[in-house]
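Excluded from the calculations below are hydrogen atoms, water molecules and symmetry mates; all remaining heavy atoms, backbone and side chain alike, are included.
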Amino acid sequence: MPAHLDAAPPHSTNGFAWAASRLPPEPLTGGAPLAARVSVLDHLTPWSTDLSAALYKIDGWGAPYFSVNAAGNISVRPHGAATLTHQEIDLMKAVRKAVDLKPAGGLGLQLPLLVRFPDVLRHRLESLHAAFDLAVRSNGYGSRYQGVYPVKCNQDRYVVEDIVEAGAPFNFGLEAGSKPELLLSMSCLLRGSSEAFLICNGYKDAEYVELALTARALGLNAIVVLEQEEELLTVVEASRRLGVRPVIGLRAKLRTKHAGHFGSTSGEKGKFGLTAAQILSVSRRLQRLEMLDCLQLLHFHIGSQIPTTALLADGISEATQIYCELARLGAAMRVIDVGGGLGIDYDGTRSAGSDASVGYGLEEYAAAVVREVRDACDRRRMRHPIICSESGRALVSHHSVLVFEALSSCSATAESLPIGLDVAHLLEGLADYRSLAAAALRGEYETCLLYAEQLKRRCVELFKNGLLGLEHLAAVEGLCELLAKEDGAAEPVRAYHVNLSVFTSLPDFWAIGQLFPIAPIHRLDQRPGVSAVLQDLTCDSDGKVDRFIGGWSSLPVHELYEEDGRYFLGMFLGGAYQEALGGAHNLFAGPSVVRVEQSEGPHCFAVTRAVPGASCADVLRAMQHEPEVMFEGLKGRAEECGGGGPAEAVGRRLARAFNSMPYLVRGGGERAGAAGGRGDGDAEEWDLMRGLTV
């Protein structure tokens with residue numbers, strides 16, 4: 001019997017190869033094998049960068065900021081479609097500059113790495129304003145657009161300062177939803193336009209309101225937006241105490257609502273806003289207090305990622321009617337704030353069918369807003385208001401790229417064993433195996449699959465009861481995997497172990513299933529030969545990326561080089577929310593950060609700021625531990641025990657560990673010290689720890 005599975009038609013490579021030719025072609029589904037996903041491309045022809053761009057949909061989600069250059073690397077166009085060829089930034093070169101060791105001309109930063117492109121951020125803001133300016137002019141609108149950036153999307157100091165600086169010519173302002181956000185907004189707007197709005201949203205106490213009124217006293221154009229009816233009394237009392245007359249806005253709770261996760265904050269049962277009855281009540285109370293002239297703004301928010309301009313227009317029509325009614329009642333209305341919702345095309349499909357895309361662009365969005373406000377006001381013979389929007393996601397998503405490294409790989413399924421005499425000998429005593437072999441000889445492939453599953457279940461039970469050895473279990477797993485391969489429906493998927501924490505750097509993927517484009521940032525002139533899921537460093541089964549744009553359950557990637565070659569992947573369009581929402585699961589903190597700007601130098605870019613990621617000492621201190629005390633205790637134990645080598649050498653290793661990032665370092669040892677430390681060498685790290693100044 002041991003030769004049964006080797007009996008096969010002459011053209012076969014093993015006893016089950018005959019089945020593959022009898023199966024119909026597999027549809028191009030999201031979970032299809034890699035070969036199916038690239039089947040539109042002839043495998044006999046050379047691979048090209050254009051084929052990679054099509055495979056990873058870079059021309060869809062990446063336009064106009066990302067493309068593939070002739071070297072096979074991701075190229076960044078900092079000025080969008082207006083970027084000249086010599087202004088394009090090779091992302092791989094920027095990453096190498098950041099992570100290569102200092103003796104090699106690099107900055108010695110450790111991965112993961114967040115690469116910020118402030119030129120892209122400025123271009124996004126200018127494009128948003130240009131789209132509204134065009135809509136205002138082409139629709140004969142009688143007022144202007146004046147937007148704000150909601151700092152909750154990304155509170156990083158340099159992001160906010162860049163927006164204020166770039167937005168000053170357009171009177172572009174900020175929106176805050178908490179006291180610390182209000183403080184940073186006030187500080188940043190001191191260097192912005194005096195006409196820029198400071199929209200004060202969120203739930204409020206007396207301290208929040210006093211801070212907002214202080215902003216007005218400092219000459220900032222702060223508007224307190226009431227989220228709840230009872231906040232009116234807080235505003236009135238604070239105004240009297242401080243002697244500052246407020247400018248008030250109301251947030252309306254609309255009936256317009258869109259489906260999906262991002263629409264959950266809208267509609268009649270939404271978390272925020274005032275009903276029609278509450279709006280009427282507030283306006284009447286302001287009239288009795290002789291403060292109706294303070295009411296000047298109406299705010300609403302349909303929800304993030306509004307899928308279509310038709311839904312947008314429906315919400316704006318409802319809100320503009322409320323605006324016009326408040327004006328009719330005597331309020332000094334002058335601003336309508338359409339909130340957020342300007343969406344991002346994460347999957348490159350420009351479709352309205354999911355939270356990963358939207359069916360419009362910047363100009364279509366702006367035109368829909370302006371046209372609907374104009375028409376509603378014209379019907380009521382009302383003056384056109386200033387249009388404000390809070391388009392945070394659309395502003396900051398494109399400006400940063402998270403770069404991380406695949407360190408190793410393994411098969412995500414059982415490795416196949418050759419079906420020969422040794423394996424057959426291990427299994428020939430099992431009845432299910434004999435039935436399987438007989439079915440193979442008869443050419444009954446479907447029956448083979450049934451017997452294989454029975455054999456697998458039977459072997460697992462026998463193994464649990466101690467009646468089979470590990471060799472038997474491995475043999476049957478290999479046999480079942482081989483059958484699956486011959487079926488053509490289960491291409492082996494590998495697990496690529498990446499130097500990343502999903503919970504820290506992609507929290508929305510884990511929390512709400514948000515998909516982000518992920519692609520290699522180099523080797524895109526080579527055909528990818530592997531399908532992989534990405535497994536992070538955390539000790540958590542959720543710490544993996546196994547869903548990708550396009551409906552894929554695995555990502556096409558390249559083989560990892562066995563020697564010194566490094567394999568870098570990028571997560572794109574993650575510039576909004578991910579940094580603030582990221583946690584510290586397993587005490588993996590945030591990435592290193594570099595700021596890369598377009599320049600006229602030989603590499604077309606300059607790294608204008610570089611910040612190492614949080615060290616182990618930093619994250620321990622954040623959890624109320626005392627790294628200095630911990631170090632002294634461990635060093636003292638080393639001196640007592642004498643284990644691990646001389647106490648001084650043990651101390652240096654401990655100092656290096658405290659000073660390095662929590663993530664893995666390729667090469668380990670001395671390279672780890674050079675890449676992860678805050679100083680330039682072991683001696684300096686040792687001095688830092690001894691001086692309790694980690």
Side-chain angles (χ1 to χ4, degrees), residues 95 98-99 107-116 152-159 180 184 396 400-407 497-511 516 518 534-540 542-545 568-571 574-595 609-631 634 653-666 668 671-679 685 688-689 692-694:
V95 170
V99 304
L107 299 174
L109 295 178
Q110 191 176 338
L111 292 171
L113 178 71
L114 191 68
V115 187
R116 296 196 194 279
K152 68 178 181 180
C153 291
N154 193 320
Q155 300 99 335
D156 179 82
R157 170 188 171 183
Y158 298 98
V159 170
L184 77 87
V396 299
S400 66
V401 181
L402 177 70
V403 177
F404 53 97
E405 185 176 12
L407 300 175
H497 306 126
V498 296
N499 207 5
L500 186 74
S501 165
V502 167
F503 306 94
T504 300
S505 296
L506 287 83
D508 271 348
F509 173 82
W510 168 72
F516 296 95
I518 297 176
L534 308 180
Q535 296 184 351
D536 77 356
L537 298 179
T538 64
C539 302
D540 196 303
D542 285 340
K544 62 182 177 181
V545 182
F568 298 102
L569 297 152
M571 187 272 280
Y577 297 108
Q578 304 317 294
E579 294 171 54
L581 292 176
H585 191 21
N586 275 154
L587 297 187
F588 287 108
S592 302
V593 181
V594 291
R595 176 184 172 97
R609 183 172 176 79
V611 181
S615 68
C616 291
D618 293 332
V619 295
L620 288 168
R621 191 176 291 108
M623 301 302 292
Q624 309 303 312
H625 296 280
E626 300 180 64
E628 299 85 358
V629 176
M630 297 164 67
F631 173 76
L634 292 167
R653 287 199 297 273
L654 288 170
R656 182 186 302 129
F658 274 108
N659 274 324
S660 69
M661 287 176 66
Y663 297 91
L664 304 187
V665 180
R666 284 179 61 94
R671 193 186 196 287
R678 296 300 181 92
E685 290 172 338
L688 284 171
M689 291 306 302
L692 307 183
T693 57
V694 176

Would you compute the distance between atom OG of S400 and atom CD of Q578 and round it to the nearest 0.5 angstrom?
9.0 Å
At their closest point, which heavy atom of V396 faces which heavy atom of V159, and how far apart are they?
CG1-CG1, 4.1 Å
Going from CZ on R621 to CD on E628, what distance comes out if it is rounded to the nearest 0.5 angstrom?
4.5 Å
Can you confirm whether D156 sits close enough to V593 that some side-chain heavy atom of one is under 4.5 Å from a side-chain heavy atom of the other?
no
State, without any angle test, whether R609 and Y158 hold a side-chain donor-acceptor pair at a distance under 3.5 Å.
yes
Mind checking the CZ-CG spacing from F503 to N586? Nearest 0.5 Å is all I need.
8.5 Å
In short, A580 meets Q155 closest at the heavy-atom pair CB-OE1, 3.3 Å
Which heavy atom in P662 sits nearest to a heavy atom in L587, and how many Å separate them?
CG-O, 3.4 Å
Once you round to the nearest 0.5 Å, how far does NE2 of H625 lie from CG of L620?
6.0 Å
Listed partners of K544 passing salt bridge (Lys or Arg N to Asp or Glu O under 4.0 Å), at least two apart:
D546
Can you check whether L500 reaches L534 side chain to side chain, under 4.5 Å on heavy atoms?
no
Could you tell me the separation between the CG atom of L537 and the CG atom of L664, rounded to the nearest 0.5 Å?
4.5 Å
Checking F568 against L111 for the side-chain contact (heavy atoms from CB on, under 4.5 Å) test, could you report, in this order, the C-alpha distance in whole Å, the side-chain angles of both residues, the deciding distance, and whether it holds?
CA-CA 10 Å; F568 298 102; L111 292 171; 3.4 Å; yes
Taking all non-hydrogen atoms of both residues into account, name the closest pair between V594 and A610 and its distance.
CG1-CB, 4.0 Å
If you define the side chain from C-beta out and look only at heavy atoms, does anything of D508 sit under 4.5 Å from F516?
yes
Please report the closest heavy-atom contact between P591 and L114, naming both atoms and the distance.
CG-CB, 3.9 Å
Taking C-beta and beyond as the side chain, do Y577 and K152 meet within less than 4.5 Å on heavy atoms?
yes
Decide yes or no for V99 and E405: does some side-chain heavy atom of the first lie under 4.5 Å from some side-chain heavy atom of the second?
no
So which of D542, I518, V545 actually passes side-chain contact (heavy atoms from CB on, under 4.5 Å) with F509?
V545
Are the side chains of L569 and F404 in contact, using a 4.5 Å heavy-atom criterion?
yes
Any side-chain heavy-atom pair of T538 and V502 under 4.5 Å:
no
Heavy atoms only: give me the nearest S592-M661 pair and the separation to one decimal.
OG-SD, 3.3 Å
Going by heavy atoms in the side chains, are P612 and L109 under 4.5 Å from each other?
yes
In Å and rounded to the nearest 0.5 Å, what is the OG1 to OH distance from T504 to Y663?
4.5 Å
